[in-house]
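Each remark here refers to the structure printed beneath this line.
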Amino acid sequence: MILILTIVALLVLAYFGAPLFSLILAVAMLGFYYQDISLMVIPIELYRITNTPLLLALPLFTFAGYLLSESNTSQRLVRVSRAMLGWFPTELSVVTVVVCAFFTAFTGATGITIVALGALLYPALTQSGYPKDYSLGLVTTSGSMGLLLPPSLPLILYVIIVQQMNLGQSITIEQVFLAGILPTLLMFIMLFAWGLWVTRAKPIALIPFNFAELRHSLREAIWEIPLPFFVLGGIYSGIFAISEAAAVTALYVLVVEVFIYKEIGLKKLVKVIQDSMTMVGGILLILGVALALTNYLIDAEVPTKLFEWIKQHIDSKFTFLILLNLFLLVLGMILDIFSAIVIMVPLIVPVAMGYGIHPVHLGIIFLANMQLGYLTPPVGMNLFIASYRFKKPITEIYRSTIPLMLLLLVSVLIITYWPSLSLVFISN
Amino acid sequence: AALFPDGSSWMQKMRAGADEIKEKTQGRVKFKFYPGGVMGDDKAVIRKMKIGQLQGGALTGGSLIQAYSENQVYSLVLKYQSQKEIEYVRGFVDPLIMQGLEKGGYVSFGLMGSGFSYIMSTKSPVANVSELRKLKTWIPANDESALEAVKAFEVKPITLPLGDVLAGLQTGLINTVAISPIGAIVLQWHTQIKFITELPILYSFGTLVLNKKDFNKISSADQKIIRTVLSNITKAADKQNIKDNEAALATLRNQGIKFIQPNVTELNEWKKYAAESEKRMLSAGIISNKIIGIVNGHIKTFRKNK
Amino acid sequence: MHSLLALRTRILQLEDILLVGFLILAMVLACLQIVLRNFFGTGIIWGDSFLRIAVLWIGMLGAMYASRDDHHISIDIGMRFLPQHIKPFVQSVVFIFTAAICITVSWYSLQLVLLELEDNQYGFAKVPVWLCEAIIPFAFLIIAIRYFIAALLTLHNRP
Ligand code: NA
Ligand code: NA
């Protein structure tokens, strides 16, 4: 009875706008209290933020993203994109998806993609005539497919976990990266087709390739265009590590926007830092308290018990996969991706292999589903992040993201039930 | 809590052991496991033991320095020449370390060796110290014994997050690491490695511990049962680790990695630097003359009888 | 009252300096590591540990910032359907709830910091862990105070 009252009270508080972090904390604290565990565990979990891989990328890429969005980069970007690829239908949405996916592959977190690139790409899309809802949905979802591309850290972690298990079958990182190619392409084509469909009434005008215009637009953006090449070149030539790319990017953008284009003065720079770090603080706080909640769920063995329950209700490979999809979707909504991999992979892999599912295929299913969980209303984390970044009500984000999320759901189902799509390049 | 992932053979043994304890104590003592590092790194696990969320854990020797710093006597650079030698010494010194840990508040059920780390490089072979100094050597951040080792050889190390190492080896950002053969394979670093120096640089170990306060709440009969079962598991795991490391070394050999043997002069040079590091550990008070004396005595006997 | 306002100004200034300082420092240090490694074959040994702790500090300081005007992530659907005269009451209940949660976390974080004080573990270089953790109780205390004041102001300024 008390439990139900508490839940209702928290839901009411949530409905009237209580900060998400305080609600998550309330649930975690109640849980620990009933488990008879000292609440000092909450700061211990918060402190574990310092051990999260690649997390420095969040503040630094966010800062860089804010600098770019506060200057006129998006106009320059649109101009270059139009001049170079304007002959290709819905070229800017294709560019958006590719850039976001690429970015996610390197940061390992789709949330960072939304915060860092969103405010640059969203205005670029709307300026070029794409519908607002579509643009909002696209920047919210685009990062998702990057998790299946190298050098995505969650994918590597999956391989490391599977290798340490006694399975009698070993998998390699190369296999899993190969397996991610076609599923990524599938999701990409789905989003592309949707872009054509959405703009069918008012198609984005195609413009013939014009070398002079390209040259002008490139000259205008001469300092911004080299950035991705500079960063990738630095990584592949061994000058800096992936985890350092964010710092290099931030410093580069800072120098370019403040000292070369001079579109941001020093006073504004301080403001940009404050604004962007407010956003980072809001997101990191949620990540931190989500760690605490995850820890409570682990302590109470909730994911394990849930999976045990599911296992009892399986009678075929088909029901297993259906339940697996649902289960992972829910997991993606509540757990961070690294905890989810570490806890669930050892439980799921042996069962899945019992149904003849290849561990490489399972890795793709796992991540694709988890990713979708972040986009699933009502509590998918990326929806909140998008609402926060674009200063739009969460309901508007739901509305604009749902069609794209459904498309990705269809792709995830195809990926799940069509193993060859993932396994075609893999020999054994 | 344990950093081993679930489903590994070690965790399977732990679960079987927990069932045995539960049965023998008629359900008075039950274990819950949190494998795969889900409770956080060793430092977080120790914090959680302090506040009572966890009662025990599988921890590395390095993380228990606060409880008993002399456990680092096994991690002295180039102190031991072979697996056999350290096994011999451990036969005498393990009990001392367990006593020390118990005084520090942790009941240990035995030590599990994770094996020696070796210098592994991608660019060029490392036979002597100056060859190592020319390379870009990675060490983990916040790892005291690794730091001690590089200090000993006057190498300028590169610290990067663990997640960057594989890509770093690929791109040439770093070209040298020191790690155990099992570790190299699990983390896939072996795919990049071309040379391994056959020098057992430093030995590391882990141990299964319970919080002494919590352990003392259990009846002495039950304590005995727990001790028996858990020390058996520990012993088995210790043996298994030796085998696994040997198998891992063989795998590395078979995939065409070159094994480099330093010559006598080079060997003496390595040892000269290592001896300096031992002196530093002594003067820093991390280990005492007493334990060094004990260890040296056993090493001497072992080498005489060889 | 006057000294309280002065204290508030001081805290705001301190937040500004720390937040901007930590971000710039983190960015510069990470880039410096690259330069040191490539041109001098060396690096700052505690650099990586520092950067990790800097992320925590930046995050907590940012969270303090976000609480200045209740700019935390929330769902906020219900409030606009409420009649004007009820709104301040509901709003202040929500604020008080948040303040209560934060003050509880602040209290337990302080306990943890005190517990760590007994050990002399280092967070990075020779900086003790307790000092690195100290931002947690501090930030939650400030956030709690801000939400508490916001609740009072909402009631006080109601139409
Ligand atoms: Na990202
Ligand atoms: Na997330």
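Reminder, nothing fancy here: chain letters follow the sequence lines and each chain counts from 1.
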*asked:* Please evaluate residues B:R47 and C:L115 with respect to the criterion side chain to side chain contact (heavy atoms under 4.5 Å, CB included), reporting the C-alpha separation (whole Å), side-chain torsions for both, the decisive distance (0.1 Å), and the verdict.
replied: CA-CA 9 Å; B:R47 275 184 203 121; C:L115 192 70; over 6 Å; no
*Begin with the C-alpha distance, continue with both residues' side-chain angles, and end with the deciding distance and a verdict on salt bridge (Lys or Arg N to Asp or Glu O under 4.0 Å) for B:K50 and C:E118.*
CA-CA 12 Å; B:K50 270 191 198 153; C:E118 295 168 12; over 6 Å; no
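More than 12 heavy atoms of other residues, nucleotides or ligands lie within 6.0 Å of NZ in B:K212, so this atom counts as buried by the packing criterion. Other residues, nucleotides and ligands contribute over 12 non-hydrogen atoms within 6.0 Å of the CH2 atom of C:W46. Around CZ of C:R8, the count of heavy atoms belonging to other residues, nucleotides or ligands within 6.0 Å does not exceed 12. C:R80 CZ: more than 12 foreign heavy atoms inside a 6.0 Å radius. Counting heavy-atom neighbours within 6.0 Å of C:Y108 OH, excluding the residue itself, gives a total of 12 or less.
Between C:R52 and B:P161 the shortest heavy-atom distance is NH2-CB, 3.5 Å. The two residues B:I139 and C:I45 make their nearest non-hydrogen contact at CD1-CD1, 4.2 Å.
Separation of atoms CG (C:N38) and CD1 (B:I158) is listed at 8.5 Å; rounding is to 0.5 Å. Residue C:Q33 holds its CD atom at 5.5 Å from OG1 of B:T159, rounded to the nearest 0.5 Å.
Heavy atoms of C:L51 lying under 4.5 Å from chain B are absent altogether. Heavy atoms of C:F124 lying under 4.5 Å from chain B are absent altogether. Using a 4.5 Å cut-off between heavy atoms, C:Q121 contacts chain B through both its backbone and its side chain.
With chain B as the partner, the residue from C:G47, C:S49, C:G43 showing the most heavy-atom pairs under 4.5 Å is C:S49.
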